[in-house]
Chemist: 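This is the structure I want to talk about, given as structure tokens.
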Amino acid sequence: MRMILVMAMTLWGLAASASEQGIKQVIGAQMDAFRAGDVEDAFSYASPRLQRFFGSSERFGTMVRTGYPEVWQPGYVRLLERREIAGNLWQKVLVEDSGGAMHLFDYQMVEHEGAWRINAVQRLPLPDVGV
């Protein structure tokens with residue numbers, strides 16, 4: 001019984017690690033596409049739900065440029081904690097905009113046909129940091 005538990009925990013750890021890598025790759029690839037101004041590529045990392053909602057990469061690009069300018073030409077990008085909330089997987093992402101200001105976002109991630117996709121993004125307040 002103990003051996004089965006150890007094997008199950010090992011497999012779960014490998015799956016969690018693969019999920020983490022997949023999520024990191026998708027968010028990073030979308031940020032790279034935004035840096036390059038490649039809206040079509042950036043749109044490909046959106047979930048099918050978001051793709052249907054926007055209908056085209058051009059509309060999606062317009063929304064990002066006007067609604068989320070911080071990620072349009074991001075500088076530094078760092079993935080922070082990932083957590084499950086009400087059955088949904090959320091990844092916190094710290095982004096430095098082109099002017100050097102820091103911003104915190106929450107990316108909802110969904111799996112679609114074996115690949116991670118971005119299903120929603122929301123701004124979060126930056127925590128107060130005391131010295």
Side-chain angles (χ1 to χ4, degrees):
M1 182 67 174
R2 185 179 182 141
M3 180 64 129
I4 292 172
L5 180 60
V6 168
M7 287 173 49
M9 290 176 68
T10 300
L11 290 174
W12 181 80
L14 291 173
S17 178
S19 290
E20 184 176 332
Q21 279 302 100
I23 290 168
K24 181 178 182 178
Q25 188 276 327
V26 165
I27 293 171
Q30 189 180 63
M31 293 291 185
D32 288 344
F34 286 142
R35 281 185 196 102
D38 189 343
V39 179
E40 188 71 33
D41 190 37
F43 189 54
S44 75
Y45 298 105
S47 70
R49 181 184 74 84
L50 283 183
Q51 290 178 355
R52 283 189 304 275
F53 179 81
F54 287 103
S56 73
S57 60
E58 292 79 22
R59 281 193 218 158
F60 176 74
T62 298
M63 180 279 300
V64 173
R65 280 189 298 273
T66 60
Y68 295 90
E70 307 90 343
V71 300
W72 183 248
Q73 292 291 313
Y76 174 80
V77 175
R78 180 172 178 205
L79 274 62
L80 303 174
E81 71 179 291
R82 184 183 49 176
R83 64 243 180 271
E84 188 175 319
I85 301 171
N88 296 305
L89 191 61
W90 290 89
Q91 174 69 58
K92 283 187 181 178
V93 180
L94 184 64
V95 177
E96 178 185 38
D97 67 21
S98 60
M102 301 303 282
H103 306 272
L104 187 60
F105 295 93
D106 223 357
Y107 278 61
Q108 183 188 36
M109 304 300 296
V110 295
E111 219 171 349
H112 177 72
E113 297 180 352
W116 288 103
R117 294 291 175 248
I118 300 164
N119 197 48
V121 177
Q122 61 184 6
R123 273 187 192 81
L124 298 174
L126 280 172
D128 289 333
V129 179
V131 179

Chemist: Nearest 0.5 Å please: distance from the CD atom of E113 over to the CD atom of E111.
Modeler: 11.0 Å
Chemist: Restricting to non-hydrogen atoms, name the atom on Y76 and the atom on M102 that form the minimum distance, rounded to 0.1 Å.
Modeler: CD2-CE, 3.8 Å
Chemist: Rounded to the nearest 0.5 Å, what separates atom CZ in R78 from atom NZ in K24?
Modeler: 10.0 Å
Chemist: What distance separates L79 CG from I23 CD1, expressed to the nearest 0.5 Å?
Modeler: 8.5 Å
Chemist: What heavy-atom pair brings E40 and S57 nearest, and what distance separates the two atoms?
Modeler: OE1-OG, 2.8 Å
Chemist: Counting C-beta onward and ignoring hydrogens, is there a side-chain heavy-atom pair between D106 and R83 closer than 4.5 Å?
Modeler: yes
Chemist: Locate the shortest heavy-atom distance separating V71 from P74; write the atom from each residue and the value.
Modeler: O-CD, 3.0 Å
Chemist: If hydrophobic clusters are built from ILVMFWY residues whose side chains come within less than 4.5 Å, do L94 and M31 share one?
Modeler: no
Chemist: What do the steps show when you test V39 against W72 for side chain to side chain contact (heavy atoms under 4.5 Å, CB included), and what is the final call?
Modeler: CA-CA 10 Å; V39 179; W72 183 248; 3.4 Å; yes
Chemist: Which heavy-atom pair separates S47 from V110 by the least distance, and what is that distance?
Modeler: CB-CG2, 3.8 Å
Chemist: Going from NE2 on H112 to CD1 on I118, what distance comes out if it is rounded to the nearest 0.5 angstrom?
Modeler: 14.0 Å
Chemist: Measure across Y68 and Q122 and return the closest heavy-atom pair with its distance rounded to 0.1 Å.
Modeler: OH-CA, 4.4 Å
Chemist: Is F53 reachable from F60 through a run of I, L, V, M, F, W or Y residues, each pair having side-chain heavy atoms under 4.5 Å apart?
Modeler: yes
Chemist: Looking only at non-hydrogen atoms, find the nearest pair between P69 and R123 and report the distance.
Modeler: CD-NH2, 4.1 Å
Chemist: Please report the interatomic distance CG(D97) to CD(Q73), rounded to the nearest 0.5 Å.
Modeler: 11.0 Å
Chemist: Within the 4.5 Å heavy-atom criterion, are R117 and Y45 side-chain neighbours or not?
Modeler: yes
Chemist: For R35 and D32: C-alpha separation, side-chain torsions, deciding distance, then whether side chain to side chain contact (heavy atoms under 4.5 Å, CB included) applies.
Modeler: CA-CA 5 Å; R35 281 185 196 102; D32 288 344; 2.6 Å; yes
Chemist: Check whether L126 and V95 end up in the same hydrophobic cluster, where Ile, Leu, Val, Met, Phe, Trp and Tyr are linked by side-chain heavy atoms less than 4.5 Å apart.
Modeler: no
Chemist: According to a hydrophobic-cluster definition based on side-chain heavy atoms being under 4.5 Å apart (Ile, Leu, Val, Met, Phe, Trp, Tyr only), do L104 and L89 belong together?
Modeler: no
Chemist: Can a donor-acceptor pair be found, under 3.5 Å and without considering hydrogens, that links the side chain of Q51 to the backbone of F43?
Modeler: yes
Chemist: Is L124 reachable from W90 through a run of hydrophobic residues whose side-chain heavy atoms are each under 4.5 Å from the next?
Modeler: no
Chemist: Walk me through it: do F105 and Q91 pass the test side chain to side chain contact (heavy atoms under 4.5 Å, CB included)?
Modeler: CA-CA 8 Å; F105 295 93; Q91 174 69 58; over 6 Å; no
